[in-house]
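Reviewing the structure listed below.
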Amino acid sequence: PPFGDDFYGDDDGGNVVPGAIPPQELGALQALYNATDGANWNWDEDVRRFGPIWNFTQSDPAPCTIGQEWQGLLCTCEAGSRSCTINGLS
């Protein structure tokens, strides 16, 4: 994956990154985005309602941050856990 295996759940300083997903899932999202010309998908401009556009340029992307899930992602984050998973795309 484009992000190191140590990414999952921390910011390399041991701080929890809310909304982090396993590196394999993040890599799969980026592969899907790149293979299907994600930069030209029909993104909704109302990011307050639909969430942010996918952004892989952040140093610690966290697509499942509660209340800020990336557009089109259906995430599950377990209470008390440092991790989230993607359950679907829409």
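By the SG-distance test at 2.5 Å, no disulfide connects Cys84 to Cys64.
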Task: Derivation of the side chain to side chain contact (heavy atoms under 4.5 Å, CB included) call for Leu29 and Leu73 - done: CA-CA 10 Å; Leu29 280 182; Leu73 296 185; 3.9 Å; yes

Task: Check against side chain to side chain contact (heavy atoms under 4.5 Å, CB included), Arg49 and Asp44 - done: CA-CA 9 Å; Arg49 182 172 177 201; Asp44 197 296; over 6 Å; no

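To the nearest 0.5 angstrom, Gln68 atom CD is 9.0 Å from Arg48 atom CZ. In this structure, CD in Gln71 is found 10.0 Å from CH2 in Trp54, a value given to the nearest 0.5 Å. Atom CG of residue Asn55 and atom CD1 of residue Ile53 lie 9.0 Å apart, to the nearest 0.5 angstrom. To the nearest 0.5 angstrom, Glu45 atom CD is 11.5 Å from Phe50 atom CZ.
Residues Ile86 and Leu74 are not in side-chain contact: their nearest non-hydrogen atoms beyond the backbone lie 4.5 Å or more apart.
Residues satisfying the side chain to side chain donor-acceptor pair (under 3.5 Å) criterion with Asn42, sequence neighbours excluded, are absent altogether. Taking the side chain to side chain contact (heavy atoms under 4.5 Å, CB included) definition, one finds that Thr36 meets it with Leu32, Trp41, sequence neighbours left out.
Below 30°, between 30° and 60°, or above 60°: for Phe56 and Trp70 the angle between ring planes is above 60°, a perpendicular geometry.
Taking each heavy atom of Leu26 and Ile21 in turn, the nearest pair found is N-CD1, 3.6 Å.
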